[in-house]
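If you read the sequence from its start, that first residue is 1, and numbering goes on from there.
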Amino acid sequence: MANLESVHRRSIEQRDEFWQGEAKRVHWETPFEQVLDFTNPPFARWFVGGKTNLCYNAVDRWLDAGADEAALIWVSTEVDERKTYSRRELFDEVNATAAMLRAQGVGPGDRVLIYMPMIPSAVFAMLACARLGAIHSVVFGGFASVNLASRIDDAKPKVIFSADAGSRAGKVTPYKPLLDKAIELCEHPPQSVIIHDRGLHAFEPVAGRDVDYDGLRRAYWGQTVPVQWMESSDPSYVLYTSGTTGKPKGVQRDTGGYAVALASSMDYIFGGKAGETFLCTSDIGWVVGHSYIVYGPLIAGMATILYEGTPVRPDGGILWQLVQDYKVTVMFSAPTAIRVLKKQDPALLKKYDLSSLRALYMAGEPLDEPTAVWISEGLGKPIIDNYWQTETGWPILAAQPGIEPRPTKFGSPSFPVYGFDVRVIDEQTGQDLGANQKGVVAIVPPLPPGAMSTVWGDDTRFVDTYFSSVPGRQVYSTFDWGLVDGDGYWFILGRTDDVINVAGHRLGTREIEESVNSHAAVAESAVVGVADSLKGQVAVAFAVLKQPEAYESDDAKSALEREVMKVVDSQLGAVARPSRILFVNALPKTRSGKVLRRAIVAVCEGRDPGDLTTIEDPSTLQQLKETL
Ligand code: AMP
């Protein structure tokens with residue numbers, strides 16, 4: 001068994017040799033001439049001269065190994081349907097979709113914007129783009145028109161692929177009106193729109209622009225579209241992420257580096273094997289969905305589950321039922337989903353046969369210790385916290401059981417992943433920090449294969465945003481605080497913009513949240529810094545209770561507030577004590593589960609909450625206002 005540190009060291013110090021070996025995991029139609037071209041830092045070009053194709057690696061390559069094996073398993077608890085596509089069926093569907101896109105004039109380098117619910121045709125569209133060498137840009141289904149319009153204008157897609165509607169928790173969200181409005185608002189409308197009519201919401205097609213997916217599918221069924229072999233560093237997709245300015249920031253991903261990074265991660269980090277089933281509960285609109293619903297498992301020859309539904313419908317056992325029904329070996333979810341389950345009957349964790357499951361991976365936000373302990377004890381399975389960003393495309397920090405199994409520590413995403421030369425540095429001096437010292441988590445370039453290659457259409461923004469914040473050093477800033485403990489375990493302490501300053505003391509809101517959450521009555525919390533004329537800022541906590549009915553009266557609430565404050569006092573000191581602890585039914589979150597801190601702060605300070613496109617449930621913000 002290899003040693004984690006030595007593999008990591010080799011991936012940095014003998015970089016070319018290391019990645020030369022990893023590149024063998026994927027098919028190269030034309031071998032690369034050079035592992036890395038880093039002559040123009042911080043831009044890295046991986047596997048120069050090599051030609052490959054993501055769709056070929058995900059679909060075609062696995063046909064000979066068993067065309068009848070499952071590839072894509074769709075489960076919808078929204079429309080109550082399940083369907084399994086074999087590798088052959090996936091191949092046929094992807095080819096039909098590629099043929100229809102080609103007939104709409106889509107070719108290599110063209111953009112296709114995908115605005116879809118979690119249904120199989122969305123995955124076919126992504127893979128079909130990859131097959132044609134077109135660049136897909138998936139925009140989370142249901143995003144508001146204004147934001148969709150700004151993404152259309154930035155990506156300038158030739159075709160948009162969409163559906164009549166999505167459904168969430170039984171409620172239909174019509175997509176078509178949002179899309180029509182967006183196209184009206186934008187300056188670069190697409191030539192055509194392919195609409196998958198699911199029969200959820202009636203609509204009028206726009207003449208000369210909208211085409212019916214089912215009709216096209218019938219027309220092109222049976223056609224095979226040749227794979228377009230792409231230069232390794234040709235873009236495969238653009239995925240927008242929120243930046244500090246209003247202009248959307250398109251994270252551009254390459255082709256060959258991404259394929260290699262995902263293939264290696266499936267082995268070293270996730271331990272997924274061909275023929276097994278992977279369940280990732282993210283959405284194809286997020287990076288986790290791109291990497292670990294679509295490309296990662298398929299490139300590794302695994303079946304992947306595409307789940308349309310919430311974790312609590314029809315009941316809080318649905319995810320575990322999927323594990324049982326499809327013999328899932330690797331599962332990937334987010335702390336927010338698990339916190340939702342904490343409010344459900346714990347017996348549901350024991351109701352299904354989970355013997356196939358080896359581990360539950362979690363990412364997207366800090367995994368607080370109480371949640372980690374709760375789910376780990378409930379399932380009796382290892383919980384593997386892993387830390388990454390849309391920009392990196394795959395984990396920066398994670399346990400890597402495929403290299404060397406090591407015990408994990410609750411609250412820590414473990415160790416640096418091979419390829420990432422990650423450091424904790426002092427944001428003032430730019431120097432590396434030692435054990436137990438808190439600093440900014442930064443990556444010394446080159447970023448490894450699979451990480452973003454630039455900001456779509458804006459190289460300057462790539463350099464200015466990510467590589468210019470640390471004095472005297474060109475390093476990639478994650479904008480997260482972190483530290484490494486004496487045993488080499490890493491801890492992420494929140495975003496650098498989540499720091500508050502109370503009477504001259506710098507406090508991470510994450511630490512206060514952890515402390516609030518450690519009270520037995522609290523399910524989760526959000527702590528924000530609110531302007532205060534006396535102290536600069538004060539911490540205000542919003543807590544969601546496990547059993548709100550037990551604290552209905554004002555007296556019970558104040559007693560609990562005092563108790564929680566005492567807990568914070570004892571753990572972090574009185575300086576960190578929130579000035580108020582308010583009890584709410586739910587926290588305002590994005591649809592990917594991130595707490596909308598800026599909006600909460602704005603509401604607390606009586607300002608306009610600003611851009612709320614990504615909010616999951618606007619009523620949470622309303623309730624917050626009322627509680628204040
Ligand atoms: P996104 O690009 O939307 O996926 O957000 C990335 C950010 O989510 C990171 O910069 C972190 O702030 C946070 N994040 C992701 N995974 C973790 C994790 N395992 N622990 C703590 N924070 C995380």
Side-chain angles (χ1 to χ4, degrees), residues 26-27 29 52-63 67 69-74 83-104 106-138 157 159-163 194 196 213 216-217 220-230 234-239 253-256 258-259 262-263 266 278 280 282-285 287 289-306 393:
V26 305
H27 170 84
E29 184 67 8
T52 185
N53 181 288
L54 284 175
C55 178
Y56 181 87
N57 277 288
V59 183
D60 305 44
R61 183 164 163 250
W62 292 98
L63 289 175
E69 284 204 39
L72 178 67
I73 300 164
W74 180 53
K83 186 167 164 63
T84 297
Y85 296 83
S86 68
R87 290 171 176 166
R88 162 67 58 191
E89 287 166 325
L90 179 62
F91 176 85
D92 290 343
E93 294 283 0
V94 170
N95 273 281
T97 307
M100 69 176 85
L101 286 170
R102 188 176 56 181
Q104 299 296 320
V106 174
D110 288 334
R111 274 80 60 209
V112 173
L113 189 139
I114 300 174
Y115 182 67
M116 290 284 279
M118 291 280 283
I119 57 177
S121 49
V123 176
F124 306 153
M126 291 169 77
L127 292 166
C129 288
R131 188 168 199 87
L132 294 167
I135 300 164
H136 61 66
S137 183
V138 185
V159 172
I160 294 184
F161 206 100
S162 190
I194 300 175
H196 186 167
Y213 167 77
L216 293 175
R217 182 174 172 275
Y220 293 101
W221 189 255
Q223 290 208 9
T224 307
V225 177
V227 162
Q228 181 74 40
W229 299 109
M230 302 302 287
D234 281 340
S236 56
Y237 67 75
V238 174
L239 179 58
R253 191 92 58 216
D254 75 347
T255 301
Y258 189 49
L262 292 182
M266 290 308 291
F278 197 100
C280 172
S282 181
D283 188 284
I284 51 157
V287 67
H290 281 64
S291 294
Y292 296 109
I293 295 176
V294 183
Y295 291 111
L298 292 176
I299 287 174
M302 298 181 80
T304 184
I305 297 180
L306 181 73

Checklist line | Pairing residues for Tyr237 by the ring pair (Phe, Tyr, Trp, His ring centres under 6.0 Å) criterion, not counting sequence neighbours | finding: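 Listed in chain order: His136, Tyr258, His290.
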
Below 4.5 Å, heavy atoms only, C-beta onward: do [X] and [Y] meet side chain to side chain?
| X | Y | answer |
| --- | --- | --- |
| Arg253 | Val287 | yes |
| Trp62 | Leu298 | no |
| Tyr213 | Thr97 | yes |
| Glu29 | Asn53 | no |
| Ile293 | Phe278 | no |
| Leu90 | Leu127 | yes |

Specify the closest pair of heavy atoms between [X] and [Y], including all atoms of both residues, with the distance to one decimal.
| X | Y | result |
| --- | --- | --- |
| Ser121 | His196 | OG-ND1, 2.6 Å |
| Thr84 | Ala70 | CG2-CB, 3.7 Å |
| Val225 | Ala99 | CG2-N, 3.5 Å |
| Val26 | Ala259 | CG1-O, 3.7 Å |
| Gly393 | Ser291 | O-OG, 2.8 Å |
| Ile135 | Gly109 | CD1-O, 3.6 Å |

Margin query: Please list all pairs meeting salt bridge (charged side-chain N to carboxylate O under 4.0 Å, His left out) that have one or both residues in residues 111-134, counting only residues at least two apart or in different chains.
Written below: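 Output for this query lists Asp60-Arg131.
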
Next item on the list: Might you work through the side-chain contact (heavy atoms from CB on, under 4.5 Å) test for Leu54 and Thr255, ending with a clear yes or no?
Entry: CA-CA 7 Å; Leu54 284 175; Thr255 301; 4.2 Å; yes

Margin query: As a quick check of understanding, evaluate side-chain contact (heavy atoms from CB on, under 4.5 Å) for Ile284 and Leu306, giving each step before the final call.
Written below: CA-CA 9 Å; Ile284 51 157; Leu306 181 73; 4.2 Å; yes

Next item on the list: Give me the one residue out of Arg87, Arg217, Arg88 that meets salt bridge (charged side-chain N to carboxylate O under 4.0 Å, His left out) with Glu93.
Entry: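 Going through Arg87, Arg217, Arg88 one by one, the salt bridge (charged side-chain N to carboxylate O under 4.0 Å, His left out) with Glu93 is satisfied by Arg217 alone.
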
Straight-line distance of [X] [atom1] to [Y] [atom2], nearest 0.5 Å:
| X | Y | atom1 | atom2 | value |
| --- | --- | --- | --- | --- |
| Leu113 | Phe161 | CG | CZ | 12.0 Å |
| Ser162 | Ile194 | OG | CD1 | 10.5 Å |
| Phe91 | Arg61 | CZ | CZ | 15.0 Å |

Margin query: Run the side chain to side chain donor-acceptor pair (under 3.5 Å) test against Glu89 and tell me which residues pass, sequence neighbours left out.
Written below: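 Scan of Glu89 (side chain to side chain donor-acceptor pair (under 3.5 Å), adjacent residues dropped) gives Ser86.
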
Notebook entry, point to check: When the ring centroid of Tyr85 is compared with that of Phe124, is the distance short of 6.0 Å?
Noted result: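 Tyr85 vs Phe124: aromatic centres under 6.0 Å.
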
Check: Which is it for Thr304 and Cys280 under the side-chain contact (heavy atoms from CB on, under 4.5 Å) test, yes or no, and what are the steps along the way?
Finding: CA-CA 8 Å; Thr304 184; Cys280 172; 5.8 Å; no

Check: Within the distance-only criterion (no hydrogens, no angle test), does the side chain of Asn57 pair as donor or acceptor with the backbone N or O of His27 below 3.5 angstrom?
Finding: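 Yes.
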
Note to self: Determine whether a donor-acceptor pair (N or O, by modelled atom type, separation under 3.5 Å) exists between the side chain of Asn95 and the backbone of Asp92.
What the structure shows: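 Not a single qualifying donor-acceptor pair exists.
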
Next item on the list: List the steps and the verdict of side-chain contact (heavy atoms from CB on, under 4.5 Å) for Met116 and Val138.
Entry: CA-CA 8 Å; Met116 290 284 279; Val138 185; over 6 Å; no

